[in-house]
Amino acid sequence: MAVKYVYFFGAGKTEGTAEMKNLLGGKGANLAEMTAIGLPVPAGFTLTTDLCTEFYKNDRSYPEGLEAEVEANLAQLEKAMDKKFGDSANPLLLSVRSGGRVSMPGMMDTVLNLGLNDITVQGLIDQSGDARFAYDSYRRFIQMYSNVVMGINGSVLEHLLEHMKEVRDVELDTDLTADDLKQLVDLFKGKIKETLGRDFPTDPKEQLWGAINAVFGSWMNPRAITYRKLNNIPAEWGTAVNVQAMVFGNMGNDCATGVAFTRNPSTGDNHFFGEFLLNAQGEDVVAGIRTPQPINKAGGDGSLPSLEEVMPDCYQQLMDIQQTLEKHYRDMQDIEFTIEKNKLYMLQTRGGKRTAKAAIKIAVDMVNEGLIDEKEAVLRVAPAQLDQLLHPSLDPKAVKDVIATGLPASPGAAGGEIVFSAEDAEEAKKLGLKVILVRIETSPEDIHGMHAAEGILTARGGMTSHAAVVARGMGKCCVAGCGGIKVDYAAQQFVTSSGEVFKKGDVVTLDGSTGEVMKGSVATVQPELTGDFGLLMTWVDKFRRLKVRTNADTPQDAQVARQFGAEGIGLCRTEHMFFEHDRIMAVREMILSEDVEGRKRALAKILPMQKGDFLGLFREMKGLPVTIRLLDPPLHEFLPHTDKDIEELAAVMKVQPQLLKQKADFLHEFNPMLGHRGCRLGVTFPEIYDMQVQAIMEAACELVKDEGYEIVPEIMIPLVGHVNELKLLRANAIRTVEEVMGRYGIKVEYLIGTMIELPRAALTADEIAQEAEFFSFGTNDLTQTTFGLSRDDAGKFLPYYVNREILGEDPFVVLDQEGVGQLVKIGCEKGRQTRAGIKLGICGEHGGEPNSVIFCHNTGLDYVSCSPYRVPIARLAAAHAALQEK
Ligand code: ADP
Ligand code: MG
Ligand code: MG
């Protein structure tokens with residue numbers, strides 16, 4: 001049997017259903033579905049997406065028999081509408097519309113009023129008794145067809161229309177008369193002939209095939225191709241073509257066209273919401289040709305009459321239909337309708353796009369209304385979307401003056417006076433000022449300034465630059481890599497690409513969700529985490545298997561994370577504690593000491609402070625697991641930089657500044673990320689790790705003994721590449737642990753594990769697991785070491801790779817599943833081979849990125865650990881992963 005390529009819908013019966021989206025496209029399937037449930041839909045037929053595939057396979061031609069199939073459907077359509085296509089007395093006019101599986105707004109084409117020529121327009125006048133309407137339709141048809149099918153730039157004819165309005169001294173196209181429009185039609189045809197050297201087609205059949213070809217052809221237009229790439233839509237899907245009888249919203253003031261949402265798409269309120277225009281057609285509402293009017297009184301400001309007031313009967317019918325549609329689809333719908341002579345027609349319905357806030361409210365409300373269950377509600381909210389809700393955001397109503405745009409490195413919005421150093425940020429904060437810290441780039445030394453600032457702006461660096469990672473950890477907004485500004489520390493100012501100068505103390509506002517930098521102060525609104533959000537998250541937790549921990553270094557971070565639902569700390573970076581001002585001197589003293597004794601003296605100063613940190617952290621986490629990573633960064637990062645620093649330190653250490661400087665120069669590394677860092681520090685300076693382990697265990701013992709806590713500290717040794725490193729350091733750690741427990745006279749359970757962040761570690765995970773009770777995949781470094789990409793420098797060229805599609809995404813943002821992910825899988829398998837119950841987690845930035853979280857679930861990890869502000873995103877993504885598994 002021949003393949004069926006055309007599906008009819010109309011007069012209450014249809015060949016398609018809503019389930020046939022893949023074949024009929026979203027629009028076609030829903031037109032069929034609406035027809036089937038008895039809604040007023042103009043009849044028509046859909047040419048399938050399979051036909052689109054055939055069309056391209058056969059060098060843009062159709063399989064045999066298609067013409068006959070279309071003819072038969074056209075005949076059926078004529079019968080349903082009681083009109084004839086191309087008839088001089090009672091012409092049927094058609095709309096030809098594209099529509100793929102998923103909507104690609106504005107990417108492909110629609111032609112309305114097809115079938116008009118100088119003869120059929122007369123029929124339309126006779127039928128409607130309205131010459132103005134007929135010529136309005138005719139001129140619209142010529143405009144659309146010449147653009148979509150014949151390829152004339154839309155502005156060419158638009159110009160003639162504008163000119164006509166000027167000459168007639170009117171503002172709106174509805175003010176043009178029948179004669180004006182008739183003249184326009186002639187002008188249009190002349191202009192087309194002049195431009196293309198051929199006539200506008202008069203034969204309706206030729207028009208129809210021209211339009212069908214053009215719609216199928218539009219699947220491969222550059223706009224659509226780009227859009228598909230950006231949204232991961234396969235080219236093989238193809239588009240369908242919907243040929244449908246026209247209904248007319250432009251037949252006078254008892255006609256209208258409009259778009260509406262069954263609920264408010266920005267707040268989620270269960271209020272029918274939309275706009276319409278009287279005496280208009282097609283996308284006039286969206287195109288902003290005239291100011292649209294609200295659907296109902298509640299939706300407007302009272303300045304324009306609503307549909308509810310102008311056409312109460314149609315409004316009531318529309319109200320009923322929108323409720324029917326919501327019940328039927330069990331989701332908020334985005335609908336398009338037209339009213340012809342007080343008769344309502346439905347032209348489209350689809351799931352409506354909505355903000356995160358609306359998505360949550362609608363999902364929760366629909367569960368309460370019994371429309372959907374909790375599982376479905378959870379699946380209705382996209383994890384990435386939550387980000388919008390977890391930070392203060394710009395007041396959408398505020399006016400903004402954008403002066404530069406960088407990377408949206410950490411979401412949220414904040415404004416304040418600009419300062420150019422961490423010290424100034426701290427000082428200003430003490431004075432009660434709000435500041436934005438502006439740096440060329442940041443380093444660990446700037447942390448206290450970043451803490452003090454409301455937001456961070458850097459001229460250099462990518463999405464995983466120091467500024468970006470730390471800011472996300474703090475939940476602070478950050479715009480990174482803003483190349484459009486030139487920062488001049490000496491002059492204490494930055495200059496935008498347009499030459500505007502911003503000095504210390506000038507106010508700017510950052511939007512870390514868009515990367516925009518704005519002049520002056522722009523109003524913001526606070527996030528709300530209770531109510532519907534809180535309720536939805538309780539459902540989320542019912543369905544997920546993956547645990548979600550947080551990366552937190554301070555009790556404050558830990559507290560925020562717990563409020564967001566973190567179930568432990570997956571990564572506490574101890575080095576951040578070393579940068580606080582009163583400690584850095586001791587740290588530097590330790591590094592620059594000539595011998596073990598000197599180092600021990602310095603470490604003894606740090607010990608009580610580290611212990612205090614861990615006490616605070618353990619207390620805050622109330623018995624939840626806490627993984628503490630021993631010192632990781634290159635020593636290099638702790639070195640004193642300025643002469644003043646060196647002199648100050650020399651005084652404390654009672655040595656010559658010159659000697660210290662030599663030592664510091666000696667410690668300089670060319671490639672610190674691959675240098676003397678991580679466990680290599682522990683191997684060469686065992687007393688550093690000894691001190692840290694001592695601090696951890698003393699804190700744990702004191703809490704267990706004195707305060708009755710249950711804690712199982714997890715001691716994590718970073719950057720292991722060979723099992724022997726871990727063997728040595730584990731033995732050292734155990735020695736200290738035993739010593740401390742002996743001293744306190746109690747036993748505390750503890751774990752010793754490692755980070756897997758070098759390819760060699762993943763590949764030899766079976767050996768490493770002999771010495772490790774847990775693995776935490778440090779996917780930031782693992783990405784860096786697998787790709788051989790420096791994440792601090794990659795910002796200069798990675799965006800280029802992504803733009804050119806050499807890489808689909810920035811691998812520091814979205815885990816590279818094929819490469820880095822493969823190493824994670826290998827690490828898990830080999831680790832479990834040796835130690836069946838080994839605890840497995842991930843603590844890179846990827847731990848809060850939805851696709852990466854789903855990967856972690858599927859790979860069988862026990863937990864992900866991410867910045868506090870991403871914890872809810874990871875929880876939701878983990879629930880999605882679990883629910884989609886079946
Ligand atoms: P999009 O997917 O961009 O919304 P559509 O195919 O829905 O494109 O067409 C755009 C608009 O054209 C519709 O919103 C509707 O106003 C108008 N339109 C489409 N088909 C018809 C029709 N049969 N009768 C009247 N207007 C139509
Ligand atoms: Mg539309
Ligand atoms: Mg539409």
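Both ligands and their constituent atoms are indexed starting at 1 by order of listing.
Nearest to the Mg ion (ligand 3), among the N, O or S atoms that E336 has, is OE1.
With ligand atoms numbered from 1 in the order given, ligand 1 contributes 22 (C), 23 (N), 24 (N), 25 (C), 26 (N) to contacts under 4.0 Å with heavy atoms of M246. Close contacts of ligand 1 with A245, meaning ligand atoms under 4.0 Å from a residue heavy atom, involve 22 (C), 23 (N). The atoms of ligand 1 that sit less than 4.0 Å from any heavy atom of T257 are 16 (O).
Side chain to side chain, Q281 and N113 meet the donor-acceptor criterion of an N or O pair below 3.5 Å.
A side chain to side chain contact (heavy atoms under 4.5 Å, CB included) with R139 is found for one member of L187, D186, L181 and no other, namely L181. When Y5, W209, Y56 are each tested for a ring pair (Phe, Tyr, Trp, His ring centres under 6.0 Å) with Y62, only one passes: W209.
Across all non-hydrogen atoms, the minimal contact from G115 to Q207 is N-OE1, 2.9 Å.
Dense packing is recorded around CD of E206, with more than 12 heavy atoms of other residues, nucleotides or ligands lying under 6.0 Å away.
Considering E336, R97, K27 only, the shortest heavy-atom separation from atom 4 (O) of ligand 1 involves E336. Compare L114, V247, L112, L93 by their heavy atoms: the one nearest to atom 25 (C) of ligand 1 is in V247.
Where the criterion is an N or O separation shorter than 3.5 Å, residue side chain and backbone included, Q244 meets it with respect to ligand 1. Where the criterion is an N or O separation shorter than 3.5 Å, residue side chain and backbone included, T110 meets it with respect to ligand 1.
In this pair, F248 and F133 present their aromatic rings perpendicular. The plane angle is above 60°, beyond the 30 to 60° band.
Residue T110: no N/O/S atom is found under 2.8 Å from the Mg ion (ligand 3).
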